[in-house]
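Notes for the one structure printed next.
The chains referred to below are lettered A, B, ... by the order of the sequence lines, with proteins before strands, and numbering in each begins at 1. Because the structure is predicted, anything quoted here is derived from the model rather than measured.
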Protein chains: 2
Amino acid sequence: MGKQMTEMLKGTLEGIVLALLTGNPAYGYEITTLLRGQGFTEIAEGTVYALLVRIEQKGLVDVEKRPSEKGPPRKVYSLNEQGKKELDEFWNTWSFLSERLEHLRKEGK
Amino acid sequence: MGKQMTEMLKGTLEGIVLALLTGNPAYGYEITTLLRGQGFTEIAEGTVYALLVRIEQKGLVDVEKRPSEKGPPRKVYSLNEQGKKELDEFWNTWSFLSERLEHLRKEGK
DNA sequence: TACTAGTACATAGTAGCGCTAAGTAGTGGA
DNA sequence: TCCACTACTTAGCGCTACTATGTACTAGTA
């Protein structure tokens with residue numbers, strides 16, 4: 001992964017995952033696949049699992065264990081109320097930053 | 001500073017400063033003031049100086065010392081060729097991330 | 001003179017996050 | 001038996017923003 005991208009993902013990857021989970025419960029391996037499909041081709045698997053541990057500990061998601069046809073049981077994550085609030089705040093923070101940057105880009109300065 | 005914003009600034013703050021410097025040499029204290037004027041009201045002074053040290057060591061800026069009417073001499077930073085290249089890459093990385101996120105936001109997922 | 005506020009830069013230590021690397025565990029096919 | 005794929009876990013590292021504190025110079029003021 002490019003170094004710039006790695007740094008830029010800090011803080012945004014969590015929001016991206018929360019957004020992916022909106023109305024769409026998913027498990028770790030699946031989320032990694034989704035991300036790669038969205039163009040984040042070099043996302044490290046370990047990164048996703050560590051992030052999931054974090055958002056679970058922060059109480060942003062509910063977790064349910066389900067058997068898999070092939071492989072170990074899946075841990076299915078779904079966004080709860082607190083997670084939705086966090087996602088709202090994320091979009092606010094993102095919007096602010098995004099607007100500032102678009103402004104800077106247009107200024108050419 | 002909100003924790004979300006702190007994390008999200010990682011990787012973007014450097015780009016913001018490089019963008020501010022485009023065609024517009026400036027010194028640390030001035031950059032801090034500029035950032036605060038742009039809405040980044042809680043940017044820590046130390047953060048900016050540390051960042052400037054970093055981009056100087058990476059060779060992205062040229063530095064010139066100029067006396068100040070009030071206070072210690074200023075270190076004026078101006079973007080050089082390598083800095084412009086880095087800024088271009090920054091905008092590419094930013095564009096990719098920004099598009100992915102806007103897409104996610106519209107999907108409502 | 002002594003004190004304060006503003007200007008201007010520097011830096012040691014801390015927290016948080018994504019990455020690397022390595023591991024465990026289960027299924028099915030060559 | 002070996003490999004590939006699925007699925008999750010975790011210790012250690014590098015990078016960046018923050019906290020806190022310090023230095024240094026000027027000007028105003030009590």
### Message
Side chain of B:Tyr27 only, heavy atoms from C-beta on: which candidate in D:dA7, C:dC9, D:dC18 is closest?
### Response
C:dC9

### Message
Measure CE/A:Met8 against C1'/C:dC19 and give the value in whole Å, please.
### Response
17 Å

### Query
In whole angstrom, what separates B:Leu9's CG from C:dG16's C1'?
14 Å

### Task
Please state how far atom CG in A:Leu52 lies from atom P in D:dA7, giving the value in whole angstrom units.
14 Å

### Message
Working note: B:Thr93 + A:Gln4, criterion side chain to side chain donor-acceptor pair (under 3.5 Å); need CA distance, chi angles, decisive distance, verdict.
### Response
CA-CA 7 Å; B:Thr93 309; A:Gln4 268 188 351; 2.9 Å; yes

### Task
Could you check how far CD of B:Glu45 sits from C1' of D:dT23, rounded to whole Å?
13 Å

### Task
Could you tell me whether B:Lys58 atom NZ has more than 12 heavy atoms of other residues or ligands within 6.0 Å of it?
yes

### Query
Across the strands shown, which category fits A:Leu13 at heavy-atom distances under 4.0 angstrom: base, sugar-phosphate, nothing?
sugar-phosphate

### Query
Checking all strands, does A:Gly28 fall into the base, sugar-phosphate, or nothing category for heavy-atom contacts under 4.0 angstrom?
sugar-phosphate

### Given DNA chain C, 5'-ward residue of the pair B:Lys70 and B:Tyr77, judged by closest heavy atom
B:Lys70

### Message
Set out, in order, the CA-CA distance, both residues' side-chain angles and the distance that settles side-chain contact (heavy atoms from CB on, under 4.5 Å) for B:Ile55 and B:Glu14, then state yes or no.
### Response
CA-CA 8 Å; B:Ile55 63 176; B:Glu14 181 179 307; 3.8 Å; yes

#### Entry: Distance in angstrom units between B:Leu34 CG and C:dA8 P, rounded
12 Å

### Message
I'd like to know if the side chain of A:Asn80 and the backbone of A:Gly59 have a donor-acceptor N/O pair within less than 3.5 Å.
### Response
yes

### Query
So which nucleotide from D:dT6, D:dC8, C:dC17 ends up closest to the side chain of B:Glu7?
C:dC17

### Message
Closest approach to the side chain of A:Ser68, judged atom by atom: which nucleotide of C:dT7, D:dT16, D:dT6 is it?
### Response
D:dT6

### Task
Between B:Thr6 and A:Tyr49, just flag the one whose closest nucleotide in DNA chain D comes earlier from the 5' side.
A:Tyr49

### Query
Between B:Gly46 and A:Leu51, which is nearer to the 5' end of DNA chain C once each is assigned its nearest nucleotide?
B:Gly46

### Query
For B:Leu60 and D:dT16, what is the distance between atoms CG and P respectively, to the nearest whole Å?
11 Å

### Query
A:Lys65 has an atom NZ; how far is it from atom P of C:dG26, in whole Å?
12 Å

### Task
Compare side-chain N and O positions of B:Arg54 against OP1 and OP2 of D:dA17 and report whether any pair is under 4.0 Å apart.
yes

### Query
Nearest of C:dA8, D:dC18, D:dG14 to any side-chain atom of A:Lys10?
D:dG14

### Query
Where the side chain of A:Pro72 is concerned, which of D:dC25, D:dT19, C:dA25 is the nearest nucleotide?
C:dA25

### Query
Counting side-chain heavy atoms from CB outward, which of D:dT9, C:dC9, C:dG16 is closest to A:Lys75?
D:dT9

### Task
Assign the ring pair A:Trp94 / B:Trp94 to parallel, tilted or perpendicular, where the plane angle (0 to 90°) is split at 30° and 60°.
parallel

### Task
Starting from C1' on D:dC25, measure out to OH on B:Tyr29 and report it in whole angstrom.
13 Å

